[in-house]
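Structure first, commentary second.
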Amino acid sequence: MENFYLEIKHIDKQTGARYGILHTPHGDVEVPMFMPVGTLATVKTLSPEELHSMGAGVILANTYHLSIRPGADLVKKAGGLHKFMNWDGPILTDSGGFQVFSLAEKRKITEDGVEFKNHLNGDKLFFSPEIAIDIEEKLGADIIMSFDECIPYPADYEYAKKSMERTLRWAQRGKDAHKRKDQALFGIVQGGDYQDLREECAKKLAEMNFPGYSIGGTSIGEPKEVCFRMIDYAVKYLPENKPRYLMGVGSLDYLLIGISKGIDMFDCVLPTRLARHGALITSTGRVNIRDAKYKEDFSPLDPNCDCYCCKNYTKAYLRHLYICDETFGKRLLTIHNIRFLIHIMEGARKAIQEDRFGDYIKVVLTAFGDERGF
RNA sequence: GGAGAGGUAGCGAAGAGGCUAAACGCGGCUGACUGUAAAUCAGCUCCUUCGGGUUCGGCGGUUCGAAUCUGCCCCUCUCCA
């Protein structure tokens with residue numbers, strides 16, 4: 001597709017990290033970037049205006065969830081996702097492949113597709129690569145995902161191989177079914193933590209010539225090093241001029257290491273979910289705002305943060321709102337976590353352009369000072 | 001003054017002879033969360049030098065054993081005068 005492409009502007013001399021512009025039908029966005037997740041066509045607690053003001057580029061929505069409620073036809077009737085949710089920037093829809101993993105006990109996989117029992121009322125819901133694409137075309141996102149199987153970790157070799165090969169066949173079927181020219185369909189690399197499977201999957205997908213590639217099956221409980229290996233295996237065989245998207249990754253260290261390995265896009269529910277649960281990511285580490293030590297702390301959550309929350313409110317107030325279960329508290333905390341990660345990404349892009357991204361990683365992670373990196 | 005009801009951990013509230021240091025809820029404290037079945041989930045919440053020690057309004061009694069049965073006392077609430 002002609003109106004979707006990655007323009008690489010600079011490669012960091014320290015790490016090989018990429019800085020570029022991703023052109024989409026709904027505008028240009030800089031990469032590497034973090035994409036907030038709005039599963040049900042809303043980034044929980046935030047308005048589109050807030051997301052824009054925080055510097056969000058692309059946001060996600062979910063094919064499985066939206067197909068159940070409110071239904072793909074309704075979204076289409078509303079004029080597509082952008083209009084429906086009043087977001088004029090780029091949107092990316094996940095295919096439902098993650099639900100094959102997260103709702104594992106409610107589905108059955110066959111060569112043809114996945115039979116779900118939907119999580120709300122147990123109704124049968126069949127997803128095939130073609131059906132997923134059909135729904136994604138109705139939703140109308142700028143970037144859409146192939147229907148894949150996200151396998152658990154650990155998975156035995158035989159299963160990982162069988163599943164990866166099926167995911168490849170599904171990728172081809174989805175590609176064949178995809179008709180809309182204003183949507184970029186990404187292939188997803190699977191293969192568990194097995195080098196040969198990951199490499200084979202990446203190679204085959206590259207041969208299929210997708211406008212972009214995702215790395216899936218990561219950040220599902222595997223050790224950090226395993227995740228980093230899985231990235232390396234895939235990236236080696238992915239075309240350099242196409243965007244690379246590491247799915248489901250949102251903690252600080254994974255993001256920064258991922259960028260250094262040549263990843264351009266990330267999404268994760270972590271910042272929004274953590275915020276709703278009172279956990280904040282700050283420049284000096286993680287903060288659990290509920291903790292008693294913040295009761296009379298009238299300083300901002302993160303003095304180094306430029307978000308609306310940190311500019312205007314104190315920890316004591318945020319703790320108060322959280323403890324009283326006030327909606328506004330969750331909004332403020334979500335604003336902070338999302339803005340914090342976007343801000344980190346802005347810093348990353350600048351560092352890459354100045355060939356000091358390796359130093360940037362060290363500085364950020366040292367200041368954060370937490371093994372877990374979030 | 002008369003008639004009832006009741007006093008259980010920070011609060012509310014179960015328990016009606018041993019399985020009870022005492023359910024459950026709230027409150028309090030602390031974790032977790034990674035392509036969202038998550039404004040969710042988990043743990044702790046009498047004291048302790050981890051051996052044990054002291055609890056169910058108070059002081060006695062019955063019993064091998066009492067928050068539970070019993071005597072007296074104190075205190076609350078409701079209704080009637």
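Everything numeric here is computed off the predicted structure, so don't read it as measured data. The sequence lines fix the lettering, A, B, ..., with proteins before strands; numbering per chain opens at 1.
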Considering only side-chain heavy atoms of [X], which listed nucleotide, [options], is closest?
| X | options | result |
| --- | --- | --- |
| A:I188 | B:C33, B:U34, B:G35 | B:G35 |
| A:K330 | B:A39, B:U34, B:C33 | B:A39 |
| A:Y322 | B:U36, B:G35, B:U40 | B:U40 |
| A:L103 | B:A37, B:G35, B:U36 | B:A37 |
| A:L270 | B:U34, B:C29, B:G35 | B:U34 |

Spacing between [X] atom [atom1] and [N] atom [atom2], to the nearest angstrom:
| X | N | atom1 | atom2 | result |
| --- | --- | --- | --- | --- |
| A:H65 | B:A38 | NE2 | P | 6 Å |
| A:L274 | B:A39 | CG | P | 13 Å |
| A:F101 | B:A38 | CZ | C1' | 14 Å |

Could you tell me whether [X] and [Y] make a salt bridge, using a distance below 4.0 angstrom between a side-chain N and a carboxylate O?
| X | Y | value |
| --- | --- | --- |
| A:R173 | A:D112 | yes |
| A:E111 | A:R166 | no |
| A:E200 | A:K204 | yes |

| field | Residues touching RNA chain B, which here means a heavy atom under 4.0 Å, drawn from residues 30-39 of chain A | value |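 Only A:V37, A:T39 qualify.
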
Using a heavy-atom cut-off of 4.0 Å across all strands, would you classify [X] as base, sugar-phosphate, or nothing?
| X | value |
| --- | --- |
| A:R319 | sugar-phosphate |
| A:E222 | nothing |
| A:E105 | base |
| A:A279 | base |
| A:G278 | nothing |

Strictly below 4.0 Å: does [X] bring a side-chain N or O up to OP1 or OP2 of [N]?
| X | N | result |
| --- | --- | --- |
| A:N118 | B:A37 | no |
| A:N288 | B:U30 | no |
| A:S219 | B:G35 | no |
| A:Q99 | B:U36 | yes |

| task | Please find out if less than 6.0 Å separates the ring center of A:Y194 from that of A:Y233. | result |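 Aromatic pair excluded; centres sit 6.0 Å or further apart.
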
| said: Centroid separation under 6.0 Å, is that true for the rings of A:Y245 and A:F266? | reply: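 That pair fails the under 6.0 Å test.
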
Determine whether a donor-acceptor pair (one donor, one acceptor, N or O, separation below 3.5 Å) exists between the side chain of [X] and the base of [N].
| X | N | value |
| --- | --- | --- |
| A:T272 | B:U36 | yes |
| A:R290 | B:G31 | yes |
| A:D148 | B:G35 | yes |

| query | Are A:V249 and A:F98 connected in a single hydrophobic cluster, I mean Ile/Leu/Val/Met/Phe/Trp/Tyr linked by side-chain heavy atoms less than 4.5 Å apart? | reply |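 In one cluster: no.
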
| According to the ring-ring contact (aromatic ring centres under 6.0 Å, His included) rule, which pairs have a member within residues 12-58 of chain A, sequence neighbours left out? |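 Qualifying pairs, neighbours excluded: A:Y5-A:H23, A:H26-A:H82, A:H52-A:W87.
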
